**Q** 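Starting off with a structure, shown below.
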Amino acid sequence: MKVLVVGSGGREHTLVWKLCQSPKVSAIYCAPGNGGIAALAECVDIKADDIDGLLAFACKTDIDCVVVGPEVPLVLGIVDVFEKAGIRIFGPSKAAARLEGSKVFAKDFMARHNIPTARYASFDSYEAAVSGLDAFVLPVVVKADGLAAGKGVVICENRSAAEDALRQIMTDRVFKEAGSRVVIEEFLSGEEASILAVCDGKDFLLLDSSQDHKRIFDQDRGANTGGMGAYSPAPLVTPQLMTQIAGQVIRPVVEGMRAEGVLFKGILYAGIMVTASGPKVLEFNTRFGDPETQAVLPRLKSDLLELVLAAVEGRLAQHRLEWDARACVCVVLAAGGYPQDYATGQKIGGLADVPEDVVVFHAGTKLSGGQVVTAGGRVLGVTAMGDGIARAITRAYAGVAAIHFEKMHYRRDIGQKALTRS
Ligand code: AMP
Ligand code: GLY
């Protein structure tokens, strides 16, 4: 089969890497891809949100199956367009992707279907939102309704910070139309985990748990990022907790969507806060997580293309997944300055020197005259498996030690939370 992966980050490199292992894949393309993906797939210079361009390419190339990485094309409706053209595509429809594309929709949906989440209210004007703050204790969380590349959530310690956040989102429109509505919600404390499920509209299969590290510095300090590292499985998520999340969150989403006339197909990613009163949903994404995918897929023994096809064709009820019992750790190497301004075009050295048991997934890289150079904030995801999390951590950091580029920044504590727990 000819497969097209849409996107250009570490998640997409991992998807391509895993799909390549399927004997069913005869050719693989990635649009637009990156400097690392180019070693495995034919990179096609079409942006991930250029749906017409992607469709034209897929038709011309006789693509059999499309796997979409990022949220923007999903929210724009790429799945509806490809389905209409009769091309298999793995991901939620535009209507289903509202779970990620609109926080107001997601919160209202959770309220309708009794899915545990933080208490909230939504507003469509700055004045109403400011008065709405009165109903919440501090700290309070302010969220832009629409997609904001992971930057639309502000945890506010005091009233004036909350008013500032509302002003920036609603009045200054720093996230453009994504800020025409906001959600204000109760602050939840606890530890976070990422739960991903593959869904086919009626059934679902859980992927093993993982944990992201969202802050830029060690000990969860500093600004929020797209994710500085991940590990899988997350010992926080016991089998009992996983069963609870499946029953209280994942199943109600798939069934609730169906009851509302929408089939949820693709990946449902629930960002969960494990609180003293049980698991609560922080957010939904409707795609693979980045960098969670880098830590989860290397542990999946089953064929990824078979899984994707089973989901697209509504056959998950008969499908089983097999997992490698070892742990996997992914350490993200970022460009100094990220998540604010950073340099690009820095030469990356040492890629050929990483130990054999380490896989380096490229995120923001490109090839420039045969040399791999940096081309984004998150540059590489250095990934290793090990018997137990401690061993996986040691191996991943052995890989990190081989690599260098100017102003390279990474966290030194990826996986430590799992260690304290186990
Ligand atoms: P989201 O994009 O909604 O996942 O939010 C990004 C991050 O903000 C989450 O991973 C949490 O660390 C934090 N966050 C979001 N909502 C809450 C909340 N209600 N209470 C505490 N932290 C939150
Ligand atoms: N790692 C968080 C995300 O993919 O949104």
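Basis for what follows: all heavy atoms, side chains included, without hydrogens, waters or symmetry-related copies. Since we're looking at a predicted model, the values are computed, not measured. All residue numbers in this chain count up from 1 along the given sequence. Whatever order the structure lists them in is the order used to number ligands and atoms, beginning at 1.
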**Q** Quick check on contacts: which atoms of ligand 1 are under 4.0 angstrom from a heavy atom of Glu192?
**A** 9 (C), 10 (O), 11 (C), 12 (O)
**Q** Could you tell me which atoms of ligand 1, counted from 1 in the order shown, lie closer than 4.0 angstrom to a heavy atom of Glu283?
**A** 1 (P), 2 (O), 3 (O), 4 (O)
**Q** Does a salt bridge link Lys107 with Asp145, judged by any charged N lying under 4.0 Å from a carboxylate O?
**A** no
**Q** Indicate yes or no: does Lys24 engage Asp303 in a salt bridge with an N to O separation below 4.0 Å.
**A** no
**Q** What residue and atom, counting heavy atoms only, is the protein's closest point to atom 17 (C) of ligand 1, and at what distance?
**A** Leu282 CD2, 3.4 Å
**Q** Under 4.0 Å from a heavy atom of Glu185: which atoms of ligand 1 are those, numbered in the order shown and with their elements?
**A** 16 (N), 17 (C), 18 (C), 19 (N)
**Q** Under 30°, 30 to 60°, or over 60°: which ring-plane class applies to Phe90 and Phe288, parallel, tilted or perpendicular?
**A** tilted
**Q** Atom CD in Glu100, atom CG in Asn285: separation rounded to 0.5 Å?
**A** 4.0 Å
**Q** Under 4.0 Å from any heavy atom of Phe187, which atoms of ligand 1 are there?
**A** 20 (N), 21 (C)
**Q** Could you tell me how the ring of Tyr410 sits relative to the ring of Tyr397: parallel (under 30°), tilted (30 to 60°) or perpendicular (over 60°)?
**A** tilted
**Q** In ligand 1, which numbered atoms sit nearer than 4.0 Å to a non-hydrogen atom of Ile155?
**A** 13 (C), 22 (N)
**Q** Over all heavy atoms of both residues, which pair between Ala197 and Ile250 is shortest? Give the atoms and the distance, please.
**A** CB-CG2, 3.7 Å
**Q** Would you call Asp357-Arg395 a salt bridge at under 4.0 Å N-O?
**A** yes
**Q** Is Glu283 salt-bridged to Lys143, going by a charged N under 4.0 Å from an acidic O?
**A** no
**Q** Output yes when the distance from some N or O of ligand 1 to some N or O of Asn224 is under 3.5 Å, and no in every other case.
**A** no
**Q** Cationic tip of Arg98 within the cone over Phe284's six-membered ring, i.e. under 6.0 Å and within 45° of the normal?
**A** no
**Q** Is ligand 1 under 4.0 Å from a heavy atom in the side chain of Val141, in the backbone, in both, or in neither?
**A** side chain
**Q** Can you classify the ring geometry of Phe109 versus Phe105 as parallel (below 30°), tilted (30 to 60°) or perpendicular (above 60°)?
**A** parallel
**Q** Could you list the atoms of ligand 1 found under 4.0 angstrom from a heavy atom of Val153?
**A** 1 (P), 2 (O), 3 (O), 5 (O), 8 (O), 15 (C)
**Q** At the 4.0 Å heavy-atom cut-off, does Lys280 count as touching ligand 1?
**A** no
**Q** Which of these passes side chain to side chain donor-acceptor pair (under 3.5 Å) with Asp220: Arg411, His213, Arg215?
**A** Arg411
**Q** I'd like to know if Arg326 pairs up with Asp324 as an ion pair, taking the criterion as any Lys NZ or Arg NE/NH1/NH2 lying under 4.0 Å from an Asp or Glu carboxylate oxygen.
**A** yes
**Q** When you measure from atom 3 (O) of ligand 1 to every protein heavy atom, which one gives the shortest distance, and what is it?
**A** Lys143 NZ, 3.1 Å
**Q** Counting only heavy atoms and a distance below 4.0 Å, can you name the residues contacting ligand 2?
**A** Asp212, Lys214, Gly226, Tyr269, Asn285, Arg287, Gly289, Asp290, Pro291, Glu292
**Q** Using a plain distance cutoff, I'd like to know if Leu188 has any nitrogen or oxygen under 3.5 Å from a nitrogen or oxygen of ligand 1.
**A** yes
